[in-house]
Amino acid sequence: MSTHLYSCPEKYFLSLLSRHFRTSYVGRATRALRTRSGARGTPCITCSSQLLSVICFLMLTACTVGPDYRRPVSAASTKFKELKGWKQAQPRDHEIPGKWWEIFKDPYLNSLEEQVNIANQSIAQAEAQYRQAQSIVQSATAAYFPTAGGTATVNRFRAASGQNVAVQGVKYLFSAALSAAWEPDLWGSVRRQVESSEASSQASAATLQALRLSTQATLAQDYFLLRALDAQIKLFNDTVETYKKTLKITQNRYEAGVAAQSEIVQAEVQLESAQAQAINLGIQRAQFEHAIAILIGKTPEELSIAVAPLNSQLPPIPVSVPSQVLERRPDIAAAERQAASANAQIGVAKAAYFPTLSLAASNGQQTNTFTNLLNAGARYWALGPAAFAVPLFDGGARGAQMQQAIDVYDASVAAYRQAVLTSFQEVEDNLATLRILEQQKQVQNKAVESAQKAVLLTTNQYKAGTVSYLNVMVDQAAALANEKTAVILQGQRLSAAVLLVKALGGGWNASDLPSQDQAGGEVKWSQFLPIPVN
């Protein structure tokens, strides 16, 4: 329990409020009662002073119940298993830039990524949810302050006939009053609720960044896979031209009487099959193009991406130690902040076990004629009621809520630890993928060279009449398959590089999270007005 006067926001305020009440309201009430009732009013004032002293004492000794938050312990390791042999970026301490996609040096990709933050509707939704979380913080903070209201009433009445009353006939009663009420945060329920709301707001900010990073990565993946399809389409178009030449050679050999008509049919089948596969690739390309359009907030009709070669090269990506990954992944930050929010809710639930104090005051005018409503003689005031409520029995509701808060916290801690483990897995997966794909690329390039040599040799042998056309078809099909695999591998490597950047946080850092003061957003003066102002 903290005994520092300023450890609770109400304590300093209440110390001033206590002195003010003693020198103003109590003083005025004392003089008024002594004037009207003489010494008989003194005991009442003494009681009021004693009551106020007790209230102020309770305020000044208020504390915050519930456990203080400590970041949950999670799995940790000193290095990544798959990092051995990985080509690091130079210099080694270089970090991934905020605009991480620029490391691929593709101007068109850069232009697409810049549109994601502006027009993507999922990101716009997450931004609105973050602003909503900021408003919730402001709403929770409002519970620190008293509430005030004004009332104005008019009654027209007549006493029942046959009754001995001082007022006869139809009368009016006009009244106007200002009232204020306040429930001091004795046990820190409001403070814990504000703490929980601030942590939730920070989690919402991290979730927004995680969604932004995921959307950017998805766009980059789709873009590179689309370019890989462009490369495949070009490969098939070039192959179709080669097959056309081979068909022409076969037709010439048939006309010369050195080839069978079946060879012409085989060459035609091979040519048409390649043309059909080239056309089929257009389906996947169209789907990727449509997906990219949606990611940048456009309809598919509004975006047409021209065919271009796959020239992007795999960039060196700096990989930090695992402990730094925990500070650079927004999804981990979101999970950790959710755990902090759940921890504060335990304090809120625990505070429900303790008594509550409600204070009220009112000041108004009451008269039977409207013209006399503002006269000094029609004024009245009241301090109270001051209610001290002690919860005794509620059928176990508070106990269930307390246990629920603890269970929610345990679940959030488990979710945080799982997010940490998943982040390590994603880094390891993509490190392994890039390492293995690099090895496969080297072998595949050799396979492509060998297949091309085989096609050249077999074609020359076919022209010389030493082998059949079937041999040419087999070697050409093998060459096409190997070249297609090489193109697919390049797209896969670029996609894996994007996923590695995403797994490393995409240049984000936990220091980018809004502070507790920023978590509540900007408080506008119009929020304190009694009428809505946009």
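All residue numbers refer to positions in the sequence shown, counting from 1. Here the structure is a predicted model, which is why all the values come from computation and not from measurement. Values below: every heavy atom of this structure, side chains too, minus hydrogens, waters and symmetry copies.
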- [ ] Just jot down the side-chain hydrogen bond (donor to acceptor under 3.5 Å, both in side chains) partners of Thr215, sequence neighbours excluded, or say none.
- [x] none
- [ ] If a pair satisfies ring pair (Phe, Tyr, Trp, His ring centres under 6.0 Å) and one of its residues is in residues 206-239, list it, with sequence neighbours excluded.
- [x] Phe104-Phe224
TODO: Check whether the side chains of Gln444 and Asn482 place a donor and an acceptor atom closer than 3.5 Å, and report yes or no.
DONE: yes
Task: Within-4.5 Å side-chain heavy-atom neighbours: Lys248 and Lys245 - done: no
- [ ] Hey, could you give me the CG/OG1 distance between Leu235 and Thr239, rounded to the nearest 0.5 Å?
- [x] 4.5 Å
- [ ] Please tell me if the side chains of Ile305 and Phe288 come closer than 4.5 Å, counting only heavy atoms from C-beta onward.
- [x] no
TODO: Measure the CG-CD distance between Asn343 and Gln338 for me, rounded to the nearest 0.5 Å.
DONE: 13.0 Å
Task: Separation of Leu437 CG from Gln490 CD (nearest 0.5 Å) - done: 10.0 Å
Open item on the list: Distance check, rounded to the nearest 0.5 Å: Glu301 atom CD versus His290 atom NE2?
Closed with: 10.5 Å
TODO: Determine whether the side chains of Gln401 and Arg398 contain a donor N or O and an acceptor N or O closer than 3.5 Å.
DONE: no
Open item on the list: What I want to find out is whether Arg71 reaches Glu327 closely enough, with some N-O distance under 4.0 Å, to be called a salt bridge.
Closed with: yes
Task: Value rounded to 0.5 Å, distance of CG in Leu303 from CD in Glu289 - done: 5.5 Å
Open item on the list: List the residues meeting salt bridge (charged side-chain N to carboxylate O under 4.0 Å, His left out) with Lys441, not counting sequence neighbours, and say none if there are none.
Closed with: Glu438
- [ ] May I have all residue pairs that pass ring pair (Phe, Tyr, Trp, His ring centres under 6.0 Å) and include part of residues 410-455, sequence neighbours excluded?
- [x] none
TODO: Using salt bridge (charged side-chain N to carboxylate O under 4.0 Å, His left out) as the criterion, list what pairs up with Asp222, not counting sequence neighbours.
DONE: none
Open item on the list: By the side-chain hydrogen bond (donor to acceptor under 3.5 Å, both in side chains) test, which pairs, at least two apart or in different chains, include something from residues 446-457?
Closed with: Gln452-Glu483
TODO: Working to the nearest 0.5 Å, report the span between CG of Leu499 and CG of Leu494.
DONE: 11.0 Å
Open item on the list: Would you say Ser495 and Gln221 are linked by a side-chain donor-acceptor pair, where the criterion is simply a distance under 3.5 Å?
Closed with: yes
Task: Under 3.5 Å side-chain donor-acceptor pair for Asn110 and Glu114 - done: no
Give the table of side-chain donor-acceptor pairs shorter than 3.5 Å for residues 514-525, with sequence neighbours excluded, one pair per line with atom names and distance.
| from | atom 1 | to | atom 2 | distance (Å) |
| --- | --- | --- | --- | --- |
| Ser515 | OG | Gln518 | N | 3.3 |
| Gln518 | OE1 | Ser515 | N | 2.9 |

Which pairs would a plain distance check flag for residues 124-132, meaning a side-chain donor or acceptor within less than 3.5 Å of a matching protein atom at least two apart in sequence or in another chain?
| from | atom 1 | to | atom 2 | distance (Å) |
| --- | --- | --- | --- | --- |
| Glu127 | OE2 | Arg212 | NH2 | 3.3 |
| Tyr130 | OH | Gln134 | NE2 | 3.2 |

Task: Residue pairs passing the salt bridge (Lys or Arg N to Asp or Glu O under 4.0 Å) test where at least one lies in residues 495-510, sequence neighbours excluded - done: none
Open item on the list: For Tyr353, give me all partners under ring-ring contact (aromatic ring centres under 6.0 Å, His included), at least two apart in sequence or on another chain.
Closed with: none
Between side-chain atoms of residues 267-275 and protein atoms elsewhere (two or more places apart, or another chain), which donor-acceptor pairs fall under 3.5 Å?
| from | atom 1 | to | atom 2 | distance (Å) |
| --- | --- | --- | --- | --- |
| Gln270 | OE1 | Tyr469 | OH | 3.0 |
| Gln270 | NE2 | Gln476 | OE1 | 3.2 |
| Ser273 | OG | Gln277 | NE2 | 3.4 |

Task: Residues Asn471 and Thr458: side-chain donor-acceptor under 3.5 angstrom - done: no
TODO: Please list, chain by chain and in numerical order, all residues satisfying salt bridge (charged side-chain N to carboxylate O under 4.0 Å, His left out) with Glu426, sequence neighbours excluded.
DONE: Arg329
